[in-house]
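In what follows, a single structure is set out as structure tokens and then discussed.
For the single chain, residues carry numbers from 1 onward in sequence order.
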Amino acid sequence: MARFNPHHDNSKLYPAMREFAMECLLRDGSVLRPGQALWTPENLDELDRSFVQNPDEGEGTYYVKLGQQVAQGSPDSRKLMAELHWLLFAFPSDITPSTKEERVREIWSWSGEDLPDAVPSLDHAILEGLGHTGQAYNNHRWRELSFVIGALQRWKKMPLEQREEALAQSDRFTAFLDDAPGVEGRQLRHILPHLLFPDEFERISSPRHKREILEGFGVAPRREVNKMDTASLDAAIFNLRKKLETEHGREIDFYEPDIEGNWRDRGATYLISWNPTRWEWPSFADDREVTIEGRTVTHRWRTSSKKPKVDDRVYLLRTGQEPRGVIARGRVAKTPYPDAHWDEAKAQNGETTDFIDVEFEDIRDPAKDAFVPGELLASKIAGQDWSPQSSGIVIKPAAVRALDRLWEAAEPAQAVVDTTATGGGAMAQNLILYGPPGTGKTFSSAAEAVRLCGELVPTDRDALMEVYDRLLAEGRIEFVTFHQSMAYEDFVEGRQPMTGSEDDEGAASTGFRLETVPGTFRRIAKRAETSRGRASSADSLKLAGRQVFKMSIGEANNHEDAHLFEDAIKGGYAVLGFEDIDWSDRKFEAREAFIEACKAQGEHNANVDARSGVVQMPFIFRNWVRKGDIVVVSKGNALFRAIGVFTGDYEFCPRPEGDYGHRRTVQWIWVDREGAPVEEIYTRRFMQKSIYMLFDSELNVPALERYMNSQQVEGTADPEPFVLIIDEINRANISKVFGELITLLEPDKRLGQPNQIKVRLPYSGDEFGAVSNLHILGTMNTADRSIALLDTALRRRFTFRELMPDPAVLKDAAERTNINLPKLLTTINDRIEYLYDREHQIGHAYFTGCETRADVDEVMRHKVIPLLAEYFFEDWARIAAVLGDLETHDRDISGGFLNRSTLTAPPGLDNGEALPRFRWSVRSVEEGFSYTRLLGP
């Protein structure tokens with residue numbers, strides 16, 4: 001029977017699937033909450049409108065986009081989406097049961113309800129899975145869902161009798177699936193028949209594997225197998241199973257090692273290569289879509305070997321620019337043959353080269369799909385050349401098996417398919433973007449920072465920078481540029497001279513004192529440490545329409561007053577001193593009444609007036625504060641330690657020991673007893689007044705709102721992610737600046753991780769550890785300093801991602817300027833790499849903003865040529881070689897960018913033996929530039 005599985009326990013899954021068929025496919029019930037009607041035509045129609053007909057092609061994680069799409073539907077439609085994911089998760093074993101349960105519960109919670117703790121259909125024995133589906137199933141999950149939603153809409157329109165017959169007769173069910181729109185290329189077409197009819201259909205989700213099995217066991221040659229439709233494949237596999245079980249005298253599984261060996265690793269496997277800087281592959285996006293739909297696409301491809309045979313396997317390696325790695329696989333469709341050279345210039349000269357025709361069955365875009373990065377190939381598969389100088393080399397058998405495993409288990413390019421955000425529970429990321437100048441490192445760092453903060457990454461630059469600027473204002477992102485004078489005291493903490501009173505910025509000073517001041521890293525680390533998770537949009541608090549008051553609750557440096565703050569936090573109120581007089585009477589709405597009462601009942605207040613603190617402070621507390629206003633509790637004049645929302649009117653609650661009898665109820669929304677710097681939310685230091693209103697114009701509203709909402713998530717939640725961007729990280733003395741942070745930054749040594757470490761800081765004496773929700777993102781200009789010169793400790797603790805020039809992005813600019821900018825950039829960089837090295841190439845960003853030919857001239861004149869002069873130390877012959885203006889003779893040269901004139905030797909040296917010397921000059925604006933020699937014919 002096909003349900004035989006030596007790898008996974010399926011004893012609970014198949015009964016659960018039959019229950020699902022009866023409850024949800026025949027009736028309109030629910031698999032997670034029996035008794036509810038969820039699998040209804042109405043809910044399916046809602047999901048069709050909100051999800052299928054409303055695709056989200058933008059940046060962001062799968063679950064973030066899914067949440068935004070289904071938010072347009074009813075709560076029941078969101079519950080149905082959760083159950084559709086339960087169905088989607090039933091087969092794959094490459095997702096853990098706990099992850100499956102977590103995702104289903106998360107989607108269900110979008111309805112406004114939570115699933116109970118015990119849900120029978122979420123039993124991990126049911127969710128264990130049956131087999132590997134590969135990352136293509138995850139990457140194109142939305143396509144599978146769209147297919148099944150459309151199929152179920154048609155299913156629910158069928159009479160009950162027809163549905164019962166289809167679930168009783170497997171051929172009718174598969175015929176229904178084959179007639180459903182969008183079935184081409186969908187793995188659910190192969191998964192659902194097995195889940196519902198496990199004795200008749202194999203637990204094979206890949207049609208390619210079915211074809212390879214039939215070919216491997218000699219049922220039919222590959223050409224005939226490729227022509228079979230799904231029903232014919234299944235019938236042939238069913239007959240093959242019966243034959244093999246008779247031969248072996250037992251049940252078999254096609255993924256048993258001795259069985260699998262008959263259809264895997266047949267023939268040779270070749271590695272072909274593609275360099276996008278040499279050939280753009282214009283139909284790449286369309287070809288990818290074809291393979292996603294389960295069809296194949298054929299291209300001729302350069303080969304250096306004459307040995308490939310028809311049906312030999314092929315992997316395609318992307319080279320030349322990042323991201324590099326294996327991005328496609330297929331089969332040889334035609335043996336090697338000579339044809340006109342792929343390079344048009346060489347072809348026009350009559351040159352030929354050898355090609356094979358490759359039938360690609362799986363093409364992946366490394367910016368969107370799972371692929372096998374080049375660095376992973378080098379680290380995981382030894383003994384194989386993964387940087388070949390030619391296309392069409394043989395991959396060794398051991399390397400083929402390893403590459404097969406990596407390909408099947410490949411992870412998406414940015415590993416965001418299964419995460420809604422990078423939370424504090426995840427490991428911190430330490431990443432450095434490096435490359436030559438002008439490769440978009442600054443822009444990429446903005447996009448990467450936004451992604452690390454768990455936000456959607458817009459494709460539009462202006463929209464991206466709007467999100468980036470908001471996160472920067474909130475304090476979620478901090479930006480610092482390293483330089484030669486950067487020190488530990490700037491980055492971590494140091495001592496700085498301060499004048500004035502410690503408690504009152506307006507007090508007179510008789511000198512200065514040294515005060516420990518946190519550096520850039522400690523400031524953002526403090527924000528990250530005090531975050532408990534972001535409130536939802538519906539629950540978030542805004543400052544609009546609210547007044548903000550600074551308030552002191554006891555003296556921060558007086559230990560005898562410490563209990564006042566603690567009691568206020570625990571009791572949910574704000575408390576004020578100044579006279580034990582009840583100000584509840586309505587007459588105290590007038591300031592004069594305060595003055596009279598203080599004179600009559602107060603202690604030593606015979607001379608009070610409207611300016612006296614004993615009048616001002618209680619008057620503000622009683623009359624200015626409104627329900628809903630914000631209170632910020634100070635800790636000295638440099639820190640704040642609590643934020644709350646006033647929720648009640650003035651009350652007089654005298655204490656037995658006297659004083660501090662004036663109260664208002666407060667909902668405390670953020671508390672940190674150590675305190676955070678006031679500069680985080682306000683441009684001035686606090687004054688010593690017990691209560692006063694903060695100026696709206698000097699409030700950092702985004703940052704204050706972030707604090708207000710960063711501790712409002714109830715229960716267990718990941719804290720908000722924070723990102724510290726260090727621009728030009730290689731320009732500082734890393735060991736000097738980082739100090740003990742070199743160790744603390746390691747992901748597994750962050751707070752909350754298995755090997756967490758804390759150290760005692762030298763200036764403050766504080767015990768300090770780095771939190772896990774703080775990511776470090778550096779940028780590095782390799783033309784300024786080689787990566788090889790970086791501190792070894794830093795190199796070991798950071799992941800390095802290279803950003804190299806990408807001529808392809810200049811296609812639009814080339815059309816605008818009528819200059820072949822991709823070729824211009826490629827030519828210049830090829831010559832720089834020949835004369836200098838690859839780290840000193842010129843980036844595409846220099847030209848991306850060019851609108852006219854004059855703009856290109858300006859870039860060449862004022863940026864590119866001066867940069868070349870710096871690279872080559874004013875060696876103008878080399879600069880001319882790069883620009884195509886160098887000639888072998890000793891005469892004057894009138895080039896496209898540079899002119900050369902011969903210098904006359906001084907008297908006494910003009911005997912004919914002196915070496916010729918030249919004067920080089922950049923062509924004037926009036927002369928203009930010519931790109932003909934640089935770009936060629």
Checklist outcome for this item: Interatomic distance, CZ@Phe89 vs CD1@Ile126, rounded to 0.5 Å, equals 15.5 Å
Item to check | Parallel, tilted or perpendicular: ring planes of Tyr14 versus His194, cut at 30 and 60 degrees | outcome: perpendicular
Checklist entry - Is a salt bridge present between Arg288 and Asp365, judged by a nitrogen-to-oxygen distance below 4.0 Å? => result no
Checklist entry - Is any side-chain N of the basic residue among Lys210 and Glu202 closer than 4.0 Å to the acidic one's carboxylate O? => result no
Next on the checklist: Side chains of Ser170 and Glu200: any donor to acceptor distance under 3.5 Å?
Outcome noted: yes
Checklist entry - Got a salt bridge between Arg143 and Glu289, using NZ or NE/NH1/NH2 to carboxylate O under 4.0 Å? => result yes
Item to check | Distance under 6.0 Å and angle within 45° of ring axis: Arg364 vs Trp407 | outcome: yes
Item to check | Close side-chain approach of Ile432 to Thr799, heavy-atom, < 4.5 Å | outcome: no
Next on the checklist: Any donor-acceptor pair under 3.5 Å linking the side-chain atoms of Tyr315 with those of Asp404?
Outcome noted: yes
Next on the checklist: Assess, by modelled atom type and distance only, whether the side chains of Glu46 and Ser74 contain a donor and an acceptor separated by less than 3.5 Å.
Outcome noted: yes
Checklist entry - Are side-chain N/O atoms of Glu23 and Ser30 paired as donor and acceptor at under 3.5 Å? => result no
Item to check | salt_bridge(Glu802, Arg324) N-O dist < 4.0 Å | outcome: yes
Checklist entry - Any salt bridge between Arg527 and Glu478, counting N to O under 4.0 Å? => result yes
Item to check | Any Lys749 side-chain heavy atom under 4.5 Å of Gln756 side chain | outcome: no
Checklist entry - Could you go step by step and tell me if Ser205 and Gln187 meet the side-chain hydrogen bond (donor to acceptor under 3.5 Å, both in side chains) rule? => result CA-CA 5 Å; Ser205 64; Gln187 286 182 259; 3.1 Å; yes
Checklist entry - Can you list the steps and then say if Arg750 with Glu746 is a salt bridge (Lys or Arg N to Asp or Glu O under 4.0 Å)? => result CA-CA 7 Å; Arg750 302 288 189 102; Glu746 292 186 53; over 6 Å; no
Checklist entry - Can you tell me if His85 uses its side chain to pair, donor with acceptor, with the backbone of Val104 under 3.5 Å? => result no
Checklist entry - Quick one: do Glu113 and Lys79 make a salt bridge, cutoff under 4.0 Å? => result yes
Checklist entry - Can we call the ring centroids of Phe147 and Trp142 under 6.0 Å apart? => result no
Checklist entry - Could you give the distance from CG (Leu316) to CG (Asp362), rounded to the nearest 0.5 Å? => result 11.0 Å
Item to check | Salt-bridge contact Arg451-Glu448 (side-chain N to carboxylate O under 4.0 Å) | outcome: yes
Checklist entry - Hey, mind stepping through Glu720 and Arg706 against salt bridge (Lys or Arg N to Asp or Glu O under 4.0 Å) and telling me if it holds? => result CA-CA 10 Å; Glu720 301 164 286; Arg706 190 201 66 76; 3.0 Å; yes
Next on the checklist: Ignoring hydrogens and geometry beyond distance, is a side-chain donor-acceptor pair present between Asp45 and Gln153 at under 3.5 Å?
Outcome noted: yes
Next on the checklist: Apply salt bridge (Lys or Arg N to Asp or Glu O under 4.0 Å) to residues Glu102 and Arg105 and explain how you reach the verdict.
Outcome noted: CA-CA 5 Å; Glu102 178 184 345; Arg105 288 183 178 275; over 6 Å; no
Next on the checklist: I'd like to check Asp28 versus Leu38 (side-chain heavy atoms, cut-off strictly below 4.5 Å). Are they in contact?
Outcome noted: no
Next on the checklist: What verdict does the side chain to side chain contact (heavy atoms under 4.5 Å, CB included) test give for Phe51 and Ile149, after you've listed the backbone C-alpha separation in whole Å, the side-chain angles of each residue and the deciding distance to 0.1 Å?
Outcome noted: CA-CA 10 Å; Phe51 178 76; Ile149 289 170; 4.0 Å; yes
